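Presented below is the structure to which this report refers.
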Amino acid sequence: MGEDMASRTMKLKQSTGTTGKVKQATTGKSRQVAKAPASGGWLSRVLMAVFLVLVVFASYEYASLPSAEPLLKQNPKLTALMEQRVEEAREAGQKPRRRQHWVGLSSVSRHAIDAVLLSEDASFYLHEGVDTKELENALEDAVRKGKLGRGASTITQQLAKNLWLSTDRSLLRKGKELILAHRLEESLPKNRILTLYMNVVEWGNGVYGIEAGAREHFGVSASELTPAQGAILASMLPAPRKRSPSSGSRALKKRAHWVIEQMEVVKRLNAEQARVAHTEIDRILDGKQPEGSEDEVAG
């Protein structure tokens, strides 16, 4: 009887001791768990604040960007690029230069238009402002090189940049460019976008638009441009102030021949027209006089 009582008492103590330890362990864990949300909650609040700041900033930037609708009927008197070039000239102590003559697409040589489209944006009439495949390739290339390049900009994007933005290559500027390109495509028909582009794009120092470019470099109107001359003007666009016909640029010559080849491939030129254009490119860019020109001057 005494042994049974002692045995029960011992089991009761063991049971009580185990339970106490379990309670202590449970209480300790609950305290630790209670502390975790405090740290996580602080981090969540910081991330939420940062997110809200970004949303507000993006909304402000989006709202501050200009509308493209006025361009449906109005030609811009000045562009951001023109203003930038004026400022650069003044900082260099030079007199700003500006040559520009507005013309409609019907007053531009069809060959010159084809050359520009094939050189700068062959899918112009197919996309909605952004060539997603080319943009993806450009971004992958930028990641590899660690900086943004020029590639993948459609004619619409180039127009947006010329009209309203700077020439820097920051991600913020690129984002604005994409938004503005979308606005242009929503507000204007394709031919109006192309007309604006052909009249404001830079074609040399202080030279804007294809009419001024044709007069500056070839002494003819835009309607008189030959396939070779159109190809040369189109090939200047990546670096219009460096790749002039008189610059001796090998890149310009190579690109101009490539443009003529593409025009032949897509049936914009037949074989004979392409052959004549290749010969004319060499003559213009190598500084050679056309056959018979000396006799004509002497006579």
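Keep in mind that what you see is a predicted model, and the values were worked out from it rather than measured.
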Taking the side chain from Glu264 and the backbone from Glu261, do they hold a donor-acceptor pair closer than 3.5 Å?
-> no
Pick one: which of Thr156, Val116, Thr154 meets side-chain contact (heavy atoms from CB on, under 4.5 Å) with Phe124?
-> Thr156
Quick check: does any side chain N or O of Gln100 sit under 3.5 Å from a backbone N or O of Asn199, one acting as donor and the other as acceptor?
-> yes
Is the side chain of Glu211 donor-acceptor paired with the backbone N or O of Ala222 at a distance under 3.5 Å, no angle test?
-> yes
Any donor-acceptor N/O pair, Ser123 side chain to Leu126 backbone, under 3.5 Å = no
Among Arg98, Arg99, Arg97, find the residue that satisfies the salt bridge (Lys or Arg N to Asp or Glu O under 4.0 Å) test when tested with Glu216.
-> Arg97
Decide yes or no for Leu194 and Leu117: does some side-chain heavy atom of the first lie under 4.5 Å from some side-chain heavy atom of the second?
-> yes
Would you call Leu184 and Leu180 a side-chain contact if the rule is heavy atoms closer than 4.5 Å?
-> no
Counting distance only, does the side-chain N/O of His101 pair as donor-acceptor with the main-chain N or O of Arg215 below 3.5 Å?
-> no
Report yes if some heavy atom in the side chain of Ile284 is under 4.5 Å from a heavy atom in the side chain of Ile232; otherwise report no.
-> yes
Given side chains that start at C-beta, do those of Leu237 and Ser119 come closer than 4.5 Å, heavy atoms only?
-> no
Side-chain donor/acceptor of Arg243 to backbone N/O of Ser235, under 3.5 Å | yes
Check: Leu225 main-chain N/O paired with Ser109 side-chain donor or acceptor under 3.5 Å | yes
Hey, are Glu186 and Arg183 close enough for a salt bridge, meaning a charged N less than 4.0 Å from a carboxylate O?
-> no
What residues form a side-chain contact (heavy atoms from CB on, under 4.5 Å) with Gln262, not counting sequence neighbours?
-> Leu118, Trp258
Any side-chain heavy atom of Thr79 within less than 4.5 Å of one from Trp164?
-> no
4.5 Å side-chain heavy-atom contact, Arg268 and Gln273 | no
Going through the distances and angles, do Lys176 and Ser170 end up as a side-chain hydrogen bond (donor to acceptor under 3.5 Å, both in side chains)?
-> CA-CA 10 Å; Lys176 291 180 179 180; Ser170 67; over 6 Å; no
Looking at CD of Glu177 and CG of Asn162, how far apart are the two atoms once the value is rounded to the nearest 0.5 Å?
-> 9.5 Å
Looking at side-chain heavy atoms only, is the closest gap between Lys190 and His127 below 4.5 Å?
-> yes
Can you name the residues that form a side-chain contact (heavy atoms from CB on, under 4.5 Å) with Glu224, not counting sequence neighbours?
-> Val220, Ser221
Measure the shortest side-chain to side-chain distance between Leu178 and His182 over non-hydrogen atoms and say whether it is less than 4.5 angstrom.
-> no
